[in-house]
Amino acid sequence: LMKELEKVKRVIEREVPEAPHEVLLALDATTGQNAMAQAKEFSKATNVTGIALTKLDGTAKGGIVLAIRNELHIPVKLVGLGEKVDDLQRFDAESYVYGLFSDLVEKAE
């Protein structure tokens, strides 16, 4: 798979010399630690410029992206909050952090 990805990158670069402009890695928020391994492998094959974190509409919180950002310096750019195209939204760090810790914070009455 990685060899094919490298080939796709070479073909794109040949056809559009300044391409690719953006390389997003789609990661499933339910994957956990396996997401780090995926990010490392894909980063070896191509210059990943951002993450699209999917399946944040369920119970998954996708906390592994914090470790990926810290270790590999790949920012989260998009989040998937459902199955429709409109459910793919720009990443909002403040909302994400609140979602990670909202269960630990008392709600104001």
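The structure displayed is predicted, hence computed values, not measured ones.
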Is there a path of hydrophobic side-chain contacts, each under 4.5 Å between heavy atoms of I, L, V, M, F, W or Y residues, that connects Val23 with Val16? no
Write down the atom of Pro20, the atom of Ile12, and the distance for their closest heavy-atom approach. N-CG2, 4.3 Å
Are Lys3 and Lys7 side-chain neighbours, meaning at least one heavy-atom pair lies under 4.5 Å? no
Value rounded to 0.5 Å, distance of CG in Leu5 from CE in Met2: 6.0 Å
Same cluster or not: Leu78 versus Val48, using hydrophobic residues (I, L, V, M, F, W, Y) connected whenever any side-chain heavy atoms lie under 4.5 Å apart? no
Applying the 4.5 Å side-chain criterion to the ILVMFWY set and letting contacts propagate, would Leu1 and Val11 be lumped into a single cluster? no
Any pair counted as side chain to side chain donor-acceptor pair (under 3.5 Å), so long as it reaches residues 66-77, sequence neighbours left out: Glu22-Lys77, Lys40-Glu71
For residues 24-34, run the donor-acceptor check on the side chains, cut-off 3.5 Å, and write out each pair with its distance to 0.1 Å, sequence neighbours left out.
{"residue": "Asp28", "atom": "OD1", "partner": "Thr30", "partner atom": "N", "Å": "2.7"}
{"residue": "Asp28", "atom": "OD1", "partner": "Thr30", "partner atom": "OG1", "Å": "2.5"}
{"residue": "Asp28", "atom": "OD2", "partner": "Thr30", "partner atom": "OG1", "Å": "3.4"}
{"residue": "Asp28", "atom": "OD2", "partner": "Lys55", "partner atom": "NZ", "Å": "3.0"}
{"residue": "Thr31", "atom": "OG1", "partner": "Asp28", "partner atom": "O", "Å": "2.8"}

Of the non-hydrogen atoms in Leu100 and Gly63, which two are nearest, and what is the gap between them? CD2-CA, 4.3 Å
Least distance between heavy atoms, Lys9 atom then Thr46 atom: CD-OG1, 3.4 Å
Rounded to the nearest 0.5 Å, what separates atom OG in Ser95 from atom CG in Leu81? 9.5 Å
Any residue meeting salt bridge (Lys or Arg N to Asp or Glu O under 4.0 Å) with Glu4, in chain and number order, not counting sequence neighbours: none
Applying a strict under-4.5 Å side-chain criterion to I, L, V, M, F, W and Y, I'd like to know whether Val65 and Met36 cluster together. yes
Roughly how far, to the nearest 0.5 Å, is CG of Leu72 from CD1 of Ile51? 8.0 Å
So Leu66 and Tyr96, do their side chains get closer than 4.5 Å, heavy atoms only? yes
If hydrophobic clusters are built by linking Ile, Leu, Val, Met, Phe, Trp and Tyr wherever their side-chain heavy atoms come under 4.5 Å apart, do Ile68 and Val97 end up in the same one? yes
List the atom of Ile74, the atom of Ser43, and the distance in Å for their closest heavy-atom pair. CD1-OG, 3.4 Å
Least distance between heavy atoms, Val79 atom then Arg90 atom: CG2-O, 4.3 Å
Salt bridge present between Glu41 and Lys44 (N-O < 4.0 angstrom): yes
